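A short write-up of the structure that comes next.
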Amino acid sequence: FGSRYLSSGQHLPETNPSFRLVPKTTPAEMIAGSAAEVQETFERIIQGVASPLPPTSVLGTPTQSTRGTMQQDSDINLGHPNPFQSDVALASTSPFGPTPRGAAQATPELFAPPHSCGADLGMGPPMPAHPVDLMPVMSTAGSFVSSSSGYGSIESGETPRKPDRNMRQITPLEREMAIRAFPLLFSFFCLATFSVPIWTMYHTGEDINVQYWITTKASWVVLLFIPYMVAHAVHTIKGRPVRMVLVTCLVGTCIVLLLVADHVFMSAHSLGEELASQDCTSFLRKRDLELAWQRAWSFHTLCARKKAKKEGASEAQTAEKYRIHECDGYIDLVADNPDWAYLGSVEKAYRCGGWCNRGPALWVPSKGGVLDSCGSAVADVVTNKIQWSTMQVIIYTTGTLAFVSTTLLVIGPLFARMGIEW
């Protein structure tokens, strides 16, 4: 506590010229003042309209000292001397908060208290009256409280915030490595994702039944590999991902596969029902093919009869020995009967004979006999192979389209975080 004299100012006898004793304060003086004054003063302190230190009007006019100058008009008038008053009055400006409204504003320096006997004590050199620096310590860039760490910066005036520990900043080296590896990774992703459905549709499009009954262009889906090569070249030259290229390769491939697979699936569904029916006259395409087979059987029978007369063998032997394409004049008749090529391919592929009904094989040897009519064999292939394969492609491509669409929406903020323009 300070060395302020509170009441009488009487001095004790000096026993040592270099040392003076501070007069004692009586208990009566320490507890002076009514309880009402103390309560009123305490309420004013809580409301922020007064300072807890006595004013200078009670303590007297301050005098200069080597330790500083006491504040004026910033203390509470308790009505009596305060024995616990400090020698040094703190400035109202504090780094812990603004001065309460109604309190006296003080200068940011610490001044010395009035001169007293305690100031003359030989306890060391006096304190110089230097101003106290109350400015907060500024953080440097990259420190714990800098903006780069996520907590905000005092200098920039940012609002302190807790950083997201789940998001790690991408270093320039990682960004450069990601950009260099992106073309290869994207090409690998496209091949790994779309090679199976493209190959499935290509294999389905090469089927003789699809080419004859549905379309001959289903196998063109193999051309979808060309955009992947172009995308690899563009990404390598640009040195960054290109949004239009990504959308074309991912979403475009899914749309093409869905359109082709859906067309083949719907056509195969209706075709399978027609071929599986026992009625051979209601469906025009089925009836035309039956008529084409009848013409081929008549031509082969006439050919076997001529060969039997020429060789002196039976007609059954020559019919078994010679195939229809070995007969004279076959090439000329094929131009007028284009369906014969399909009937011959079906016989070779499924070891069948006839079309609506089971009959003898005309294009392949029939030593082991035929198993079924070619119409029923084709119906089974269309239903169990073509429909099933295209349905798998539709389901897979639909899921892939949903995945790549979501990925394209998410990858934008990721590229922005990495500082990659796309």
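Source: prediction; values computed, not measured.
Using a 4.5 Å heavy-atom threshold, the side chains of V260 and K217 count as separate. Proximity of K321 to K307: side-chain heavy atoms (C-beta onward) are nowhere separated by under 4.5 Å. The closest side-chain heavy-atom distance from F265 to I386 is not below 4.5 Å. In this structure, the side chains of C303 and D328 stay at 4.5 Å or more apart for every pair of heavy atoms. The side-chain heavy atoms of Y330 and W340, taken from C-beta on, include a pair separated by under 4.5 Å. L257 places a side-chain heavy atom less than 4.5 Å from the side chain of L224. By the 4.5 Å heavy-atom criterion applied to side chains, F415 and P241 are counted as neighbours. Side-chain contact between T301 and E315: present, with at least one pair of heavy atoms (C-beta onward) separated by less than 4.5 Å.
Pairs engaging residues 214-256 under the ring pair (Phe, Tyr, Trp, His ring centres under 6.0 Å) rule: F182-H235, F186-H235 [sequence neighbours left out].
Distance check: Q387 CD to M266 CE gives 9.5 Å after rounding to the nearest 0.5 Å. Rounded to the nearest 0.5 angstrom, W363 CH2 and L343 CG are separated by 5.0 Å. Rounded to the nearest 0.5 Å, atoms NE2 (H203) and OG1 (T200) are 8.5 Å apart. Taking NE2 of H300 as the start and SG of C327 as the end, the distance is 5.0 Å to the nearest 0.5 Å. One finds the CD atom of E290 at 11.5 Å from the CG atom of D339 (value rounded to the nearest 0.5 Å). Note that CG of L291 is 13.0 Å distant from NZ of K286, once rounded to the nearest 0.5 Å.
For the pair G272 and A379, the tightest heavy-atom approach, listed with the atom from each and the gap, is O-CB, 4.2 Å. Of all heavy-atom pairs spanning C249 and C190, the tightest one is CB-SG, 4.4 Å. When every heavy atom of T390 is checked against every heavy atom of M201, the shortest pair comes out as CG2-SD, 4.2 Å. Considering every non-hydrogen atom in both A268 and I214, the closest pair reads N-CD1, 3.9 Å. Of all heavy-atom pairs between V210 and G205, the closest is CG1-CA, 4.2 Å. Across P183 and R180, no two heavy atoms sit closer than the pair CD-O, 3.5 Å.
Checked by atom type and distance alone, the side chain of S376 pairs as donor or acceptor with a backbone atom of S373 at under 3.5 Å. Counting only distance, with no hydrogens or angles, the side chain of Q211 and the backbone of T216 share no donor-acceptor pair below 3.5 Å. In terms of modelled atom types and a separation under 3.5 Å, the side chain of T318 and the main chain of A304 share a donor-acceptor contact. Judged by distance alone, the side chain of D262 and the main-chain N or O of L258 form no donor-acceptor pair under 3.5 Å. Side-chain N or O atoms of D279 include one that pairs as donor or acceptor with a backbone N or O of T281 at under 3.5 Å. Remark: side-chain polar atoms of E326 are paired, donor with acceptor, to backbone N or O of R323 under 3.5 angstrom. Formation of a donor-acceptor pair under 3.5 Å by the S270 side chain with backbone atoms of S267 is found in this model. No donor-acceptor pair closer than 3.5 Å links the side chain of R240 to the backbone N or O of T236. Listed for the E347 side chain is a donor-acceptor partner under 3.5 Å among the backbone atoms of L362.
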Practice item. Take W213 and V378 through the test side chain to side chain contact (heavy atoms under 4.5 Å, CB included) and record every step on the way to the result. Key: CA-CA 11 Å; W213 295 98; V378 172; 4.2 Å; yes
Review point. After noting the C-alpha distance and the side-chain angles of D372 and Y350, does the key distance pass the side chain to side chain donor-acceptor pair (under 3.5 Å) rule?
Key: CA-CA 9 Å; D372 206 346; Y350 309 127; over 6 Å; no
Exercise for review: Starting from the C-alpha separation in whole Å, work towards a yes-or-no answer on side chain to side chain contact (heavy atoms under 4.5 Å, CB included) for W293 and C356.
Suggested key: CA-CA 9 Å; W293 187 87; C356 289; over 6 Å; no
Practice item. Apply side chain to side chain contact (heavy atoms under 4.5 Å, CB included) to I324 and W297, showing your working. Key: CA-CA 8 Å; I324 189 175; W297 178 74; over 6 Å; no
Check your understanding: Hey, mind stepping through L289 and R285 against side chain to side chain contact (heavy atoms under 4.5 Å, CB included) and telling me if it holds?
Key -> CA-CA 6 Å; L289 206 57; R285 294 183 300 175; over 6 Å; no
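Ion pair D207/K385 flagged as a salt bridge, since at least one NZ, NE, NH1 or NH2 atom sits closer than 4.0 Å to an Asp/Glu carboxylate oxygen.
In this structure, Y342 and Y212 have parallel ring planes: the angle between them is below the 30° cut-off, well short of the 60° mark.
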Donor-acceptor list for residues 392-409 side chains, cut-off 3.5 Å, not counting sequence neighbours:
from : atom 1 : to   : atom 2 : distance (Å)
Y396 : OH     : T193 : O      : 2.6
T397 : OG1    : V393 : O      : 2.6
T398 : OG1    : I394 : O      : 2.7
T400 : OG1    : Y396 : O      : 2.8
S405 : OG     : L401 : O      : 2.7
T406 : OG1    : A402 : O      : 2.9
T407 : OG1    : F403 : O      : 2.8

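Counted within 6.0 Å of CG on L284, heavy atoms from surrounding residues, nucleotides or ligands total more than 12; the atom is thus considered enclosed.
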